[in-house]
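Single-structure report; data block below.
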Amino acid sequence: MLTRAEIKATKEELQANYRRLNQPEATVLADLEMNAERLDAVLNMEHSDPSDVWEVRDYLEDKLKEQGIEMVPFSRLGDHSANHWFPYQTPWRKEELYD
C-alpha cells in the first residue's frame, strides 16, 4: 500500500515518463491492449488496478529505453522485481505474462 505522498510521487513520475515517450495515445493504448479509461486511471493514480500500474510502468521503461530517451526514475516502483503479487500482460513484448 502506498502512502498519499508515494501516490503523488508515482503519479508525477508516470505522467513525466508518458510525456517523454511522446507517442500518440492510440499507439500506447494499442500496445498495451488497454482502454483510455484504464490508462487515465493509472496516469492519475485514481483507483487504478495495481497490475495496470506495473504494466504501464514497465511499458514506459521499455519504450523509453528502446528510443534512447532517459527515464524519470521511479521512487516506489523503481525495481520491477519488487512486484511479486500483481501479474499482468506485456503484449508489447510478445510474451504471455511478466513474472
Side-chain angles (χ1 to χ4, degrees):
M1 191 106 195
L2 299 178
T3 67
R4 285 182 192 220
E6 290 168 337
I7 290 170
K8 181 179 183 293
T10 299
K11 172 184 171 178
E12 291 169 358
E13 294 156 1
L14 286 164
Q15 289 178 358
N17 283 312
Y18 183 76
R19 283 190 305 274
R20 283 183 180 216
L21 184 60
N22 196 30
Q23 291 292 312
E25 182 181 53
T27 300
V28 174
L29 295 174
D31 285 350
L32 289 167
E33 298 178 0
M34 183 179 284
N35 65 39
E37 291 78 22
R38 281 175 55 203
L39 178 60
D40 187 59
V42 169
L43 293 175
N44 290 297
M45 292 296 290
E46 292 178 347
H47 311 289
S48 52
D49 182 318
S51 295
D52 288 347
V53 174
W54 281 99
E55 180 178 352
V56 171
R57 175 250 184 262
D58 282 2
Y59 172 79
L60 292 170
E61 180 182 55
D62 286 355
K63 293 299 181 176
L64 288 169
K65 282 183 182 178
E66 208 175 84
Q67 296 181 23
I69 300 170
E70 186 175 347
M71 187 175 84
V72 172
F74 288 100
S75 48
R76 280 296 282 156
L77 306 180
D79 181 7
H80 61 78
S81 67
N83 174 27
H84 300 286
W85 301 277
F86 305 107
Y88 51 90
Q89 301 295 318
T90 55
W92 70 95
R93 290 181 181 161
K94 308 297 184 223
E95 62 187 42
E96 286 299 307
L97 285 176
Y98 180 79
D99 293 315

Criterion side-chain contact (heavy atoms from CB on, under 4.5 Å) on Gln67 and Gln23, from CA distance to verdict: CA-CA 11 Å; Gln67 296 181 23; Gln23 291 292 312; 3.3 Å; yes
Sidechain-backbone polar pair: Arg57 side chain, Leu14 backbone, donor-acceptor under 3.5 Å: no
Linked, directly or transitively: Leu21 and Val42 (ILVMFWY side chains, under 4.5 Å): yes
Asn44 (side chain) donor-acceptor with Glu46 (main chain) under 3.5 angstrom: no
Inter-residue atom distance Ile69.CD1 - Asn22.CG, 0.5 Å rounding: 7.5 Å
Spatial distance of atom NZ (Lys65) from atom CG (Leu60) [nearest 0.5 Å]: 12.0 Å
Side-chain donor-acceptor pairs of residues 31-39 under 3.5 Å, sequence neighbours excluded:
residue: Asp31; atom: OD2; partner: Tyr59; partner atom: OH; Å: 2.6
residue: Asn35; atom: OD1; partner: Glu37; partner atom: N; Å: 3.1
residue: Asn35; atom: OD1; partner: Arg38; partner atom: N; Å: 2.8
residue: Arg38; atom: NE; partner: Asp52; partner atom: OD2; Å: 3.1
residue: Arg38; atom: NH2; partner: Asp52; partner atom: OD1; Å: 2.8

Pair Leu2-Met45, side-chain contact (heavy atoms from CB on, under 4.5 Å): steps then yes or no: CA-CA 11 Å; Leu2 299 178; Met45 292 296 290; 4.0 Å; yes
Shortest non-hydrogen contact between Ser75 and Ala9, atoms and distance: OG-CB, 3.9 Å
Test log, rule side-chain contact (heavy atoms from CB on, under 4.5 Å), inputs Trp92 and Asp58: CA-CA 10 Å; Trp92 70 95; Asp58 282 2; 4.1 Å; yes
Any Asp62 side-chain heavy atom under 4.5 Å of Arg93 side chain: yes
NZ on Lys11 to NZ on Lys8, rounded to 0.5 Å: 8.5 Å
Worked verdict on Glu25 versus Tyr18 for side-chain contact (heavy atoms from CB on, under 4.5 Å): CA-CA 10 Å; Glu25 182 181 53; Tyr18 183 76; 3.7 Å; yes
With sequence neighbours excluded, residues passing salt bridge (Lys or Arg N to Asp or Glu O under 4.0 Å) with Glu6: Arg76
Note, Thr27 side chain near Pro24 side chain (heavy atom, < 4.5 Å): yes
Residues that Arg4 engages under side chain to side chain contact (heavy atoms under 4.5 Å, CB included), provided they are two or more places apart: none
